[in-house]
Structures are given as C-alpha cells and as structure tokens.
Novice: 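Let me give you the structure first, and then I'll get to my questions.
From a predicted model like this one, the values you see are computed outputs, not experimental measurements. Chain letters run A, B, ... following the sequence lines, proteins first, then strands; residues in each count from 1.
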Amino acid sequence: MNRKQPLRAVKGMRDILPPESRLWGRIEQVARELFHAYAYQEIRTPLVEPTELFARGVGEETDIVTKEMYTWEDRDSKSLTLRPEATASVVRAFIEHKMYEQPGLKKLYYMGPMFRRERPQKGRYRQFFQIGAEAIGSDSPAVDAELIEMIVALLARFDLSGFTLLLNSVGCSTCRPAYIATLRDALRQVSGLLCPDCQRRSETNPLRVLDCKVPEDQPIIDGLPILFESLCPGCFTHSQRVEEYLQDRQIAFTMQPRLVRGLDYYTRTTFEIVHGALGAQNALLGGGRYDGLSEALGGPRAPGIGFSLGEDRFVLAVEQAAPVETKARTDRLLYIAWLGESAYRHAAELARELRALNAAVEVAPDAAKLKKSLEIASRIGAGHVLIIGDQELAEGKYPLRDMSRGEQRTVNNDDLFREFGVPRANE
RNA sequence: GUGAGCGUAGCUCAGCUGGUAGAGCGCCGGACUGUGGCUCCGGUGGUCGAGGGUUCGAUCCCCUCCGCUCACCCCA
C-alpha cells in the first residue's frame, strides 16, 4: 500500500527504445558520412549557453526567446539557458575560436538534443533532436545551392519521397524594414476584415499574417504586398542565382513568397522542407542564410547559411515509408548455451576470445534447460547457437545450430574464430 | 498559454439503463531428462489514473487533480 509511484520521464521528453533506436543510429551514421562527403566537420557545443546568446542571436521578440526557453539563474547569478537551437552556438564558437582567421569556408555539422518548453504534440517534443550543418564565411549563392543539394541527397539516402522544398528570400537589413513598414500600412486598411488572430498579428508580427491558414483570409492576404517583390537589387540577384543553381542540379522547389521563419537572424535565402504524414507539425527541416548573425554576436562580418533537420520528425517520415522491423535484426549474434558450471567457465572464456575478434556474442546468464536457452536465443534474434555441455568440453567440439535453418553441425574453436571474427572498421 | 479526446492485466482493447471485471496477445509451466519457432493442455495475471461527492451499492453519474494524445499557437 505504501508503494511510491514510479518516476516518469518529464513531459515532452522521452526514451528512444530498441528497436527504434537502431533507426536513429542509422540516420546519424548516414548523415555523418554524407556530411564528410561534402567536406563538413563535426562540432560539439555545450547544451547550456548564456541566455544572452539566444536573446541576441535568435531574437528578443521571437516566440522561442519570449516563452519557450528553459532558463534559470546559476549560483553565481548568471542567466543560463538550455539551447533551443544550435546555429547561435555554432556561430558563437566560430567567433570565440577565431575561425574567421582560417582561410576559406568553415563547414561544420552537429547533432544532438535541443530544448523548447512548448505543449507537446505529434512530432513536437520539449527535448527534440536536430541534425544540422552550417557553412560560414561566404555569401555566394553557390553555397546555398550546395547545401540544399546535400539535404536532398540526405533524404534520397532514405528513399524519402512525398516532400516539398519551399524556397523564399526574406531580404536583408536594407530591404526588409522598408517592406515591413509598407506591409503594416497595408494591413491597417484591411485589418477589420481579418480573423482575430491576424488582427493581433498585424501589430505584433505582421509577417505572420502572410502565413495565416484561415480560408476566409486568403483573398485579402493575396492582395497584400509581397516581400519578394520589394527585394533590393543585391538580394534579388542572389535569389535568382540560387534558383538557377538549383535548376542546374535538377532539384525541384516551390517559390513560397509567404514562407516566414521564426528566427530573426535569417536574411536572403530561407527554405523549408515539409512532408505529409507528420501531422500538423509538417516541417521536416528548415534553414536559411544569416549574413548578419556573426556581427550581432560581436564577431566580424561572416555571412553564413545552415539548416536543421528535426530528427524526431525524420524518424516518423522514414518509418512511415518503411516500417521498422519489430523483430530485432541481430542475425550475426552468436548465442552460447551452456549446461553446468564448468561449461559456463569455458563459455565465458570462448566468448571473451570471440568478442576480441569483434564477434557479437551473448552468453546465457543463468543456468537453464537447453530448451529454454534456445527459446531465448530465438527470441533475441540470434543467428546461431553454440551448445556447450560436459561432452563438448571433453572433446573440444560443439554443436553449432543455425537458427533460421534449424540445422546443426559440429565445430571447433578455430572454426568459430574464422566464421564469427569480424574485420574491424578502420577509421 | 488555450481547446478537445482518452486513462480498465506487461501490450491492444471489451465491459449493457450503476450490482466490486473479461478477451486476444504476452509471460510461467507441461506434453518433449541436451534442441527454439508450430500445435495442444494447464497456470500467472488488475489499488478499473488519484482523491472526494451522490447512492444501499460506482469501472460506469458529478467535482477536483494528475497523466497521455491530438489540435490551436509556433516550429525542427
């Protein structure tokens, strides 16, 4: 009666269990390989940063900063924050370690957990995982195109289809403020006709109105001025080049002049890939250029572009395309069943030697009837079972059972070392 | 932060207009002394999310709280 209630994971944070964790590992491995192919290198930054980094980087007025961050005062009364995204951290590290002194483009990738205190729902968690890359040190549209090419290649490696690449330009510090003023004026003319949310947004965040999904508002929104048409010559040319380079690469995209992103640091190119089957949170990844971010963080001018993929959502999309096998796929696993204490000693020694050769081996932990051991071996997906009893100890030969064929043959130590030893990956 | 739906066995779920609970799967054992999957037989299984109220009596009705899910918002 006095049992304490078991502790649970905190809301919006979850355990990734096998066999699903296998898919996560595979995704991360494939992403690493691909990033290396594009000459990106890994960067690992702290999960905790000074709160000011995000206030200055992401934007004081953004939803992320105003209501979604896990922020607390440390014992020395410094304000710290669990990172809600990683671009600001990467650029901070870029400045802190003076990477701008190195020649050429700095290409960095990262993967890991981010934290935002939102109400959880499908594809949205308070601790979620992002895989992303940043190319810092060039404002060439070639970098934009190559980054998007890499992203498309990543999706292709998982045979993912049914996604749409949305592209836009949000201008720069010269053309955007002028546009927002124009937009606000235009909204004042029509604000009475819009939905309540949009009436509020008209003042707080006019760009958001363009993203409204209420059907009745669409005709009115269609009549509003478009940022894309107010771009300054530099931004316009940049956008044209990116489009051309994407066409060269046969990458399909949809210009979405209303595409709005929630982080203030974006300039010029912004993009997003949406996927059906993700529920309401359909953004699989998003990114864009941030030519002024380094300066905003106290660094030199260092234009950059990056993207971030929602790994939780990517898993949803991949699983939908090809459901994870529920049976653990561990065909290469060798299970050693033993009968009696001296057989156990021998099994443990044999397992140690095989594992030294990189073989995957499991030794029955408890004394069990052979029938039971085979049952367990079968359930955990072992490809073979080695049986060791007194007889085998004396002869130095053991029955090796192929679990999928149900056939048995007799082997000795050398046979085992030869068949189950695995050459080590050398990297 | 707002709204809606849902909390019954390890899992997926049934449970009639209120009479203190069932199935399938799983798990354990046996048929088969050292040979898994299939089959058959037997067994184990529950503070009905928590607390309070109404009632002779609550898994069922009412209230509060907690949790989960989906959506709004926003985003990955």
Novice: Identify whether any heavy atom of A:L263 sits under 4.0 Å from a base atom; if not, whether one sits that close to sugar-phosphate; answer base, sugar-phosphate or nothing.
Specialist: sugar-phosphate
Novice: So which nucleotide from B:rU2, B:rC73, B:rG29 ends up closest to the side chain of A:Q281?
Specialist: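 Of B:rU2, B:rC73, B:rG29, B:rC73 is nearest to the side chain of A:Q281.
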Novice: If B:rU47 has a Watson-Crick or G-U wobble mate with both distances under 3.5 Å, name it; if not, just say none.
Specialist: none
Novice: Does a donor on one side chain sit under 3.5 Å from an acceptor on the other, for A:S239 and A:S169?
Specialist: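 No - no donor-acceptor pair under 3.5 Å links their side chains.
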Novice: Does B:rC6 have a Watson-Crick or wobble partner in any strand here, with both distances under 3.5 angstrom, and which is it?
Specialist: B:rG67
Novice: Could you measure between the two C1' atoms, the one in B:rA14 and the one in B:rA31, and give it in whole Å?
Specialist: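 Approximately 33 Å lies between the C1' atom of B:rA14 and that of B:rA31.
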Novice: Across all strands, who's sitting opposite B:rC13 as a Watson-Crick or G-U wobble pair, both distances under 3.5 Å?
Specialist: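 Pairing partner, where one exists within any strand: B:rG22.
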Novice: For a quick check, tell me whether the side chain of A:E392 and the base of B:rG34 share a donor-acceptor pair closer than 3.5 Å.
Specialist: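 By the distance-only test, yes, there is a pair.
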Novice: Donor-acceptor pair, A:S140 side chain versus A:A142 backbone, under 3.5 Å?
Specialist: yes
Novice: For B:rG36, what is the paired nucleotide under Watson-Crick or G-U wobble rules, both distances under 3.5 Å?
Specialist: none
Novice: Hey, can you tell me if A:Y398 and A:H346 have their rings parallel, tilted or perpendicular (30° and 60° cut-offs)?
Specialist: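 Correct class here is tilted.
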Novice: Which whole number of Å gives the distance between the C1' atom of B:rC28 and that of B:rU44?
Specialist: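 Roughly 7 Å separates the two C1' atoms.
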Novice: Within the structure shown, what part of the strands sits under 4.0 Å from A:Q391 by heavy-atom distance: base, sugar-phosphate, or nothing?
Specialist: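 Here A:Q391 touches the bases of the nucleic acid.
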Novice: Rounded to whole angstroms, how far apart are CG on A:L316 and C1' on B:rC70?
Specialist: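 Rounded to the whole Å, the gap is 13 Å.
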Novice: How many Å lie between OH on A:Y335 and C1' on B:rG34, as a whole number?
Specialist: 15 Å
Novice: Between P on B:rG37 and CG on A:D402, what's the gap in Å once rounded to a whole number?
Specialist: 16 Å
Novice: In whole angstroms, how far is the C1' atom of B:rC70 from the CZ atom of A:R124?
Specialist: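 Answer to the nearest Å: 11 Å.
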Novice: Within 45 degrees of the ring normal and closer than 6.0 Å to the centroid, is that where the cationic atom of A:R126 sits relative to A:F115?
Specialist: no
Novice: If we take the C1' atom in both B:rC16 and B:rA21, what is their distance in whole Å?
Specialist: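 Approximately 14 Å lies between the C1' atom of B:rC16 and that of B:rA21.
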Novice: Out of B:rA76, B:rC72, B:rC28, which nucleotide sits closest to the side chain of A:A280?
Specialist: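 Taking heavy atoms from C-beta onward, the closest nucleotide is B:rC72.
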Novice: Between A:K11 and A:G310, just flag the one whose closest nucleotide in RNA chain B comes earlier from the 5' side.
Specialist: A:K11
Novice: Taking CZ from A:F54 and P from B:rA76, how many angstroms apart are they, rounded to a whole number?
Specialist: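 In whole Å, B:rA76 P and A:F54 CZ are 14 Å from each other.
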Novice: Between A:T269 and A:D144, do the side chains contain an N or O donor and an N or O acceptor separated by less than 3.5 Å?
Specialist: yes
Novice: C1' atom, B:rC65 versus B:rG26: distance in rounded Å?
Specialist: 33 Å
Novice: If you look at every strand shown and take non-hydrogen atoms under 4.0 Å, does A:R401 touch a base, only sugar-phosphate, or nothing?
Specialist: base
Novice: So, A:Q130 versus A:S308: side-chain donor-acceptor pair below 3.5 Å or not?
Specialist: yes
Novice: Among B:rC68, B:rA76, B:rG34, which nucleotide sits nearest the side chain of A:L339?
Specialist: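 Closest nucleotide among those given: B:rG34.
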Novice: Measure across A:I27 and A:F158 and return the closest heavy-atom pair with its distance rounded to 0.1 Å.
Specialist: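 A:I27 and A:F158 have their closest heavy atoms at CA-CZ, 3.5 Å.
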Novice: Quick one: do A:R44 and A:E42 make a salt bridge, cutoff under 4.0 Å?
Specialist: yes
Novice: How close or far is atom P of B:rG37 from atom CE of A:M403, stated in whole angstroms?
Specialist: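 The distance from CE of A:M403 to P of B:rG37 comes to 9 Å, rounded to the nearest Å.
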Novice: Pick the C1' atom in B:rA50 and in B:rG37, then give their distance to the nearest Å.
Specialist: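 Rounded to whole Å, the distance is 43 Å.
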Novice: Assess whether one donor atom and one acceptor atom, taken from the side chain of A:R379 and the base of B:rC27, lie less than 3.5 Å apart.
Specialist: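 Result: no qualifying N/O pair found.
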Novice: What string of B, S and - do you get for nucleotides 40-45 of chain B 5' to 3' if you count protein non-hydrogen atoms under 4.0 Å?
Specialist: ------
Novice: Which base, if any, makes a Watson-Crick or G-U wobble pair with B:rC28, both distances under 3.5 Å?
Specialist: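 For B:rC28, the partner nucleotide comes out as B:rG42, under the 3.5 Å rule.
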Novice: Between B:rG30 atom C1' and A:K371 atom NZ, what is the distance in whole Å?
Specialist: 9 Å
Novice: Quote, to the nearest angstrom, the P distance that separates B:rC41 from B:rC48.
Specialist: 32 Å
Novice: For the side chain of A:R8, counting heavy atoms from C-beta on, which of B:rG3, B:rC68, B:rA76 is nearest?
Specialist: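 Closest of the options to the side chain of A:R8: B:rC68.
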Novice: Given that both distances must come in under 3.5 Å, which nucleotide forms a Watson-Crick or G-U wobble pair with B:rU55?
Specialist: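 Paired with no nucleotide.
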Novice: So, OP1 or OP2 of B:rG29: does either fall under 4.0 Å of a side-chain N or O from A:K372?
Specialist: yes
Novice: Under a 3.5 Å cut-off for both contacts, is B:rC60 paired Watson-Crick or G-U wobble with anything, and if yes, with which nucleotide?
Specialist: none
Novice: Between B:rG18 and B:rC25, how far apart are the P atoms? Round to whole Å, please.
Specialist: 32 Å
Novice: A:I376 has an atom CD1; how far is it from atom P of B:rG34, in whole Å?
Specialist: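 Computing the A:I376:CD1 to B:rG34:P distance gives 14 Å.
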Novice: Taking B:rG15 as the reference, what is the distance to B:rC60 when you measure between their P atoms (whole Å, please)?
Specialist: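 Taking atom P in both B:rC60 and B:rG15, they lie 15 Å apart.
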Novice: With heavy atoms under 4.0 Å as the rule, sort A:G132 into base, sugar-phosphate or nothing.
Specialist: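 Result for A:G132 = nothing.
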Novice: Can you tell whether the side chains of A:K397 and A:E392 come within less than 4.0 Å, N to carboxylate O?
Specialist: no
Novice: Classify A:Y125 by what it touches in the nucleic acid, base, sugar-phosphate, or nothing, heavy-atom distance under 4.0 Å.
Specialist: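 Since a base atom lies under 4.0 Å of A:Y125, the category is base.
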Novice: Looking at A:S79 and A:E73, would you say the former's side chain and the latter's main chain have a donor-acceptor pair under 3.5 Å?
Specialist: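 Looks like no, no N/O pair under 3.5 Å.
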Novice: Report which part of the nucleic acid A:Q408 touches: base, sugar-phosphate, or nothing (heavy-atom distance under 4.0 Å, all strands).
Specialist: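 Base, at least one base atom sits under 4.0 Å.
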Novice: With hydrogens left out and only the distance checked, is there a donor-acceptor pair under 3.5 Å joining A:Q121's side chain and the base of B:rC73?
Specialist: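 Present.
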Novice: Can you say whether the rings of A:F35 and A:Y109 are parallel (under 30°), tilted (30 to 60°) or perpendicular (over 60°)?
Specialist: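 Correct class here is tilted.
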Novice: Mind checking A:I387 for me? I need base, sugar-phosphate or nothing, with any heavy atom below 4.0 Å counting as a touch.
Specialist: base
Novice: Let me spell it out: for each of A:L309 and A:E375, pick the nucleotide of RNA chain B with the closest heavy atom. Which residue's pick is nearer the 5' end?
Specialist: A:E375
